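Scroll down for the structure; my scribbles are underneath it.
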Amino acid sequence: GGNVLLDAAISRVEKLEPGGYRVTAAGTTRPGEMVLEVDEVIAATGFTTPMQDLPRLGTAVFSEGRLPALNPFWESVSVPGLYFAGCATQAAGGLNKYGIPSNSAAVQGFRYNARVMAEHIASRHFGAGPPARELAPGDLVRHLLGEATRGPELWNQRSYLASVVERRPQGLFDAGIQPLAHFVDAAGPDAAAVAVETDASGDIHPAIYLRVGNKVSEHVLPSHALHQFETMEHQRQLIELLKPLKS
């Protein structure tokens with residue numbers, strides 16, 4: 001969604017004396033070769049994470065060294081305890097459902113990754129995670145559908161972050177926002193996770209992931225023209241789906 005000033009493929013850059021550069025390019029919007037004399041040339045080499053000496057210290061990388069290899073909580077797979085925030089979190093690709101990547105390369109995505117990562121670090125390494133909020137069984141359906149309708153993490157990181165509720169010995173507890181790839185792959189208590197997804201046709205809908213006995217099943221709920229996922233139809237379907245979690 002921008003305005004192209006000059007669309008061309010550069011074939012040669014020559015330094016001029018006493019200063020400046022001569023740029024030779026083949027135009028794609030008009031035929032023939034173009035020669036431009038300019039004051040400065042900027043080489044845009046693409047996105048890279050400033051890894052500096054981290055690979056030499058054992059940090060695994062991929063994509064020709066541009067990205068660190070990370071687990072779903074954005075922790076180095078080769079150096080435990082080393083976490084990455086910001087654009088680098090795109091290295092944890094998630095499920096890539098329908099071939100659609102996450103928004104982790106942009107601020108509207110990685111801002112939520114950072115919040116989830118901070119809570120994970122606090123809980124795992126310092127025993128200081130946020131207190132889990134207990135949910136009454138009758139509030140479970142309303143809570144999950146409310147998250148799907150209004151949760152900014154789920155809408156900005158579709159098919160990537162999910163809102164999780166766990167069944168613990170004391171009852172049902174809101175387990176917060178988690179990477180969806182972690183939820184479906186890791187062992188844990190019986191739980192339900194809801195994510196917002198966009199399929200290959202562009203349809204936006206909630207998806208429920210149910211983990212019972214460490215077996216995960218996926219269930220797609222209907223879309224809605226106004227993205228209102230708290231309708232009676234959604235409630236009826238979710239009540240039926242969640243019966244194994246309440247039993």
Side-chain angles (χ1 to χ4, degrees), residues 1 45-49 51 55 59-80 82-121 144 147-165 175-188 191-212 214-224 227 229 241:
T45 58
F47 171 86
T48 60
T49 302
M51 298 297 294
T59 306
V61 296
F62 69 102
S63 188
E64 298 181 345
R66 289 193 292 269
L67 290 169
L70 306 179
N71 69 19
F73 277 104
W74 312 284
E75 180 183 16
S76 169
V77 299
S78 58
V79 183
L82 176 62
Y83 292 84
F84 291 80
C87 291
T89 57
Q90 67 181 291
L95 302 183
N96 280 309
K97 291 194 66 177
Y98 310 107
I100 301 173
S102 71
N103 275 329
S104 297
V107 67
Q108 74 266 26
F110 68 64
R111 63 178 295 188
Y112 297 107
N113 296 352
R115 181 182 299 171
V116 173
M117 181 175 63
E119 293 182 354
H120 172 76
I121 292 173
L144 291 174
E147 288 286 276
T149 302
R150 294 179 295 278
E153 303 92 344
L154 276 56
W155 277 92
N156 284 282
Q157 286 287 53
R158 300 179 198 174
S159 302
Y160 191 78
L161 295 179
S163 180
V164 179
V165 173
I177 304 298
Q178 299 180 17
L180 181 57
H182 167 78
F183 182 86
V184 301
D185 287 340
V194 62
V196 175
E197 299 185 347
T198 304
D199 65 20
S201 70
D203 182 67
I204 300 174
H205 53 260
I208 299 294
Y209 295 81
L210 192 62
R211 183 173 66 206
V212 178
N214 282 322
K215 293 183 178 179
V216 177
S217 57
E218 176 187 354
H219 310 272
V220 174
L221 296 182
S223 59
H224 189 277
H227 306 317
F229 303 136
L241 288 174

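Since we're looking at a predicted model, the values are computed, not measured.
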Does a side-chain heavy-atom distance below 4.5 Å link [X] with [Y]?
X: Arg66; Y: Thr49; answer: no
X: Tyr209; Y: His219; answer: no
X: Pro179; Y: Phe73; answer: yes
X: Ile208; Y: Leu221; answer: yes
X: Val61; Y: Met51; answer: yes

Exercise answer: donor-acceptor pairs, residues 152-165 side-chain atoms, under 3.5 Å, sequence neighbours excluded:
| unit_1 | atom_1 | unit_2 | atom_2 | d |
| --- | --- | --- | --- | --- |
| Trp155 | NE1 | Ala148 | O | 2.8 |
| Trp155 | NE1 | Thr149 | O | 3.2 |
| Asn156 | ND2 | Pro152 | O | 2.9 |
| Gln157 | OE1 | Asn103 | N | 2.7 |
| Gln157 | NE2 | Ser104 | OG | 3.0 |
| Gln157 | NE2 | Asn113 | OD1 | 3.0 |
| Arg158 | NE | Trp155 | O | 3.1 |
| Arg158 | NH1 | Thr198 | OG1 | 2.8 |
| Tyr160 | OH | Trp74 | NE1 | 3.0 |
| Tyr160 | OH | Ala92 | O | 2.6 |
| Ser163 | OG | Glu147 | OE1 | 2.9 |

Distance, nearest 0.5 Å, that separates [atom1] of [X] from [atom2] of [Y]:
X: Thr89; Y: Met117; atom1: OG1; atom2: CE; answer: 7.5 Å
X: Asp185; Y: Leu95; atom1: CG; atom2: CG; answer: 7.5 Å
X: Leu70; Y: Glu75; atom1: CG; atom2: CD; answer: 9.0 Å
X: Phe110; Y: Ser102; atom1: CZ; atom2: OG; answer: 11.5 Å
X: Phe183; Y: Gln178; atom1: CZ; atom2: CD; answer: 7.5 Å
X: Phe84; Y: Thr59; atom1: CZ; atom2: OG1; answer: 5.5 Å

Between Ser201 and Asp203, is any side-chain donor less than 3.5 angstrom from a side-chain acceptor?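 No, because no side-chain N or O of Ser201 sits under 3.5 Å from a partner of the opposite role on Asp203.
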
If you look at every heavy atom in [X] and [Y], which pair is closest and at what distance?
X: Val77; Y: Ala60; answer: CG2-CB, 4.3 Å
X: Leu210; Y: Leu241; answer: CD2-O, 3.3 Å
X: Ala105; Y: Cys87; answer: O-SG, 3.4 Å
X: Pro206; Y: Phe229; answer: CG-CG, 3.5 Å
X: Asn96; Y: Pro101; answer: OD1-CA, 3.3 Å
X: Phe62; Y: Pro68; answer: CE2-O, 3.3 Å

Glu218 vs Glu197, test: side chain to side chain contact (heavy atoms under 4.5 Å, CB included). Steps then yes/no. CA-CA 12 Å; Glu218 176 187 354; Glu197 299 185 347; 4.1 Å; yes

Applying side chain to side chain contact (heavy atoms under 4.5 Å, CB included) to His205 and Asp199, what does each step give before you reach the verdict? CA-CA 8 Å; His205 53 260; Asp199 65 20; 3.9 Å; yes

Heavy-atom donor-acceptor pair, Arg211 side chain to Ala192 backbone, under 3.5 Å: no

